[in-house]
Amino acid sequence: ADRGEFDVVLSESLDRLSRNLAVSSQLLDELDFAGVRLFTIQYGEMNKMLVGVIGAVSDQFSSDLRDKVKRGQKGRVLNGKVAGGVGYGYTVGEPGERTIDPEQAFVVLRIFKMFADGVSPRAIAKTLNDEGIVGPKGNVWKDTTIRGQRDRGTGLLNNEAYIGRLIYGRTQYKKNPKTGRRVSRPQPEEKWTITEVPELRIIDDELWQRVKERQEVNTIVMPRDGDNRAMNRVHRKVHPLSGVLICGCCSGPMAITAKNRYG
């Protein structure tokens, strides 16, 4: 639009461009400044009043839909069904139903025992990759896949389904209106929805507790910014191959170590 390559934008409806009122209004202003007219099939040419009214309705619809989805997911968990992903160690049956995968469950048990016995997540990942054991979703094993984040219940070592518990609502996601970034925020335990599902248990309580005790000893709490990003990563430069290169020895991510060297 700024380069004058077109003079009309035609959309099925306003909510196909955005369901956020502020974004829709800003878009109309930018197109108008560039001399571009905005049309929708349903209402014809859009103006400030139409964008304000239709944008507000679309914004509210999006919010209501989000609440309905959350309520539906919570209901599934209360019924002992899974609201999210399948999780390593299980296979999918009927919608929302999981059963234990014996081969993957053996790997889960092995990982828990190795960690409880003092083996680091990185060393565990290397061992599994060296043996050709395929990780979750067919990916290679990484230390982050195993350790995750305790307060968010992510990572294989923090998946409470392995002790027969489904938990919903540990983390809330909201988009920061200033940056457009989706921010995760851990929720207090009283807001969680917890359902006992003993048929999904893979790990016994004694082994689970040993893992939690070792995690407690090894945990380092990093200060975070307003978007919940670790402060030691906020100002880290991004290089052309950041997040792409993987070490051929340990399968860990490679990082820039000098001006023109990765390690």
Side-chain angles (χ1 to χ4, degrees), residues 70 72-171 173 184 186-219 250-252:
K70 288 181 179 179
Q73 290 176 332
K74 183 176 180 179
R76 292 176 76 85
V77 172
L78 287 171
N79 289 326
K81 296 184 177 182
V82 181
V86 178
Y88 187 83
Y90 303 99
T91 55
V92 183
E94 295 296 322
E97 300 284 355
R98 279 194 288 192
T99 56
I100 295 175
D101 181 311
E103 291 186 8
Q104 291 186 2
F106 178 79
V107 176
V108 170
L109 181 60
R110 183 182 173 192
I111 290 172
F112 269 77
K113 287 180 177 178
M114 290 175 71
F115 182 81
D117 290 338
V119 183
S120 72
R122 181 169 294 183
I124 294 173
K126 181 181 185 307
T127 298
L128 297 176
N129 289 327
D130 288 346
E131 294 178 7
I133 297 174
V134 180
K137 298 181 180 179
N139 298 322
V140 297
W141 289 94
K142 298 180 181 179
D143 62 327
T144 51
T145 306
I146 295 171
R147 57 183 168 81
Q149 290 181 281
R150 288 186 63 193
D151 58 346
R152 286 165 174 73
T154 61
L156 191 141
L157 292 175
N158 302 306
N159 187 350
E160 296 203 27
Y162 297 144
I163 55 170
R165 300 175 82 210
L166 291 181
I167 299 181
Y168 177 77
R170 294 186 68 146
T171 307
Y173 292 89
S184 63
Q187 298 299 294
E189 191 167 347
E190 58 267 21
K191 290 188 176 182
W192 299 358
T193 299
I194 303 174
T195 303
E196 299 295 329
V197 281
E199 66 274 15
L200 296 183
R201 178 184 283 272
I202 295 175
I203 305 298
D204 62 51
D205 290 334
E206 187 273 334
L207 179 55
W208 176 267
Q209 191 57 40
R210 285 175 59 201
V211 166
K212 295 299 110 180
E213 289 172 356
R214 180 157 185 248
Q215 284 180 318
E216 191 69 39
V217 172
N218 294 342
T219 296
C250 71
S251 298

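Only heavy atoms go into these numbers, but all of them, side chains included; no hydrogens, no water, no symmetry mates.
Taking each heavy atom of L207 and A116 in turn, the nearest pair found is CD1-CB, 3.9 Å. Annotation for N158 and Q215: closest pair OD1-NE2, 3.0 Å, computed over non-hydrogen atoms. Pairing each heavy atom of I202 with each of G89, the nearest pair is CD1-O, 4.0 Å. When all heavy atoms of Y90 and A161 are compared, the pair lying nearest together is OH-O, 3.0 Å. Closest of all the heavy-atom pairs between Y88 and Y162 is O-OH, 2.6 Å.
Contact of the T145 side chain with the N139 side chain is not registered, since no non-hydrogen atoms from C-beta on lie closer than 4.5 Å. Residues V211 and I203 are not in side-chain contact: their nearest non-hydrogen atoms beyond the backbone lie 4.5 Å or more apart.
In this structure D130 satisfies the salt bridge (charged side-chain N to carboxylate O under 4.0 Å, His left out) test together with K126, sequence neighbours excluded. By the side-chain contact (heavy atoms from CB on, under 4.5 Å) test, V119 pairs with M114, A123, I124, sequence neighbours left out. In this view, E131 and R110 satisfy the salt bridge (charged side-chain N to carboxylate O under 4.0 Å, His left out) rule, not counting sequence neighbours. Residues satisfying the side-chain hydrogen bond (donor to acceptor under 3.5 Å, both in side chains) criterion with D117, sequence neighbours excluded, are R210. In this structure, R122 has no side-chain hydrogen bond (donor to acceptor under 3.5 Å, both in side chains) partners at least two apart in sequence or on a different chain. Checked against salt bridge (charged side-chain N to carboxylate O under 4.0 Å, His left out), R165 has the following partners two or more places apart in sequence or in another chain: E160, E196. Partners of K113 according to the side-chain hydrogen bond (donor to acceptor under 3.5 Å, both in side chains) rule, which considers only residues two or more places apart in sequence or in another chain, do not exist here.
Between the N129 side chain and the A125 main chain, a donor and an acceptor come within less than 3.5 Å of each other. In this structure a side-chain-to-backbone donor-acceptor pair under 3.5 Å is missing from R147 to G155.
Note: L157 CG to K212 NZ = 6.5 Å, rounded to the nearest 0.5 Å. The distance from the CD1 atom of I163 to the CG atom of L200 is 11.5 Å, given to the nearest 0.5 Å.
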message: Let's go through L156 and W141 carefully: what are the C-alpha distance in whole Å and the side-chain angles of both, what is the deciding distance for side chain to side chain contact (heavy atoms under 4.5 Å, CB included) to 0.1 Å, and is it a yes or a no?
response: CA-CA 11 Å; L156 191 141; W141 289 94; 4.0 Å; yes
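The side-chain hydrogen bond (donor to acceptor under 3.5 Å, both in side chains) analysis of residues 99-108, with sequence neighbours excluded, yields the pairs T91-T99.
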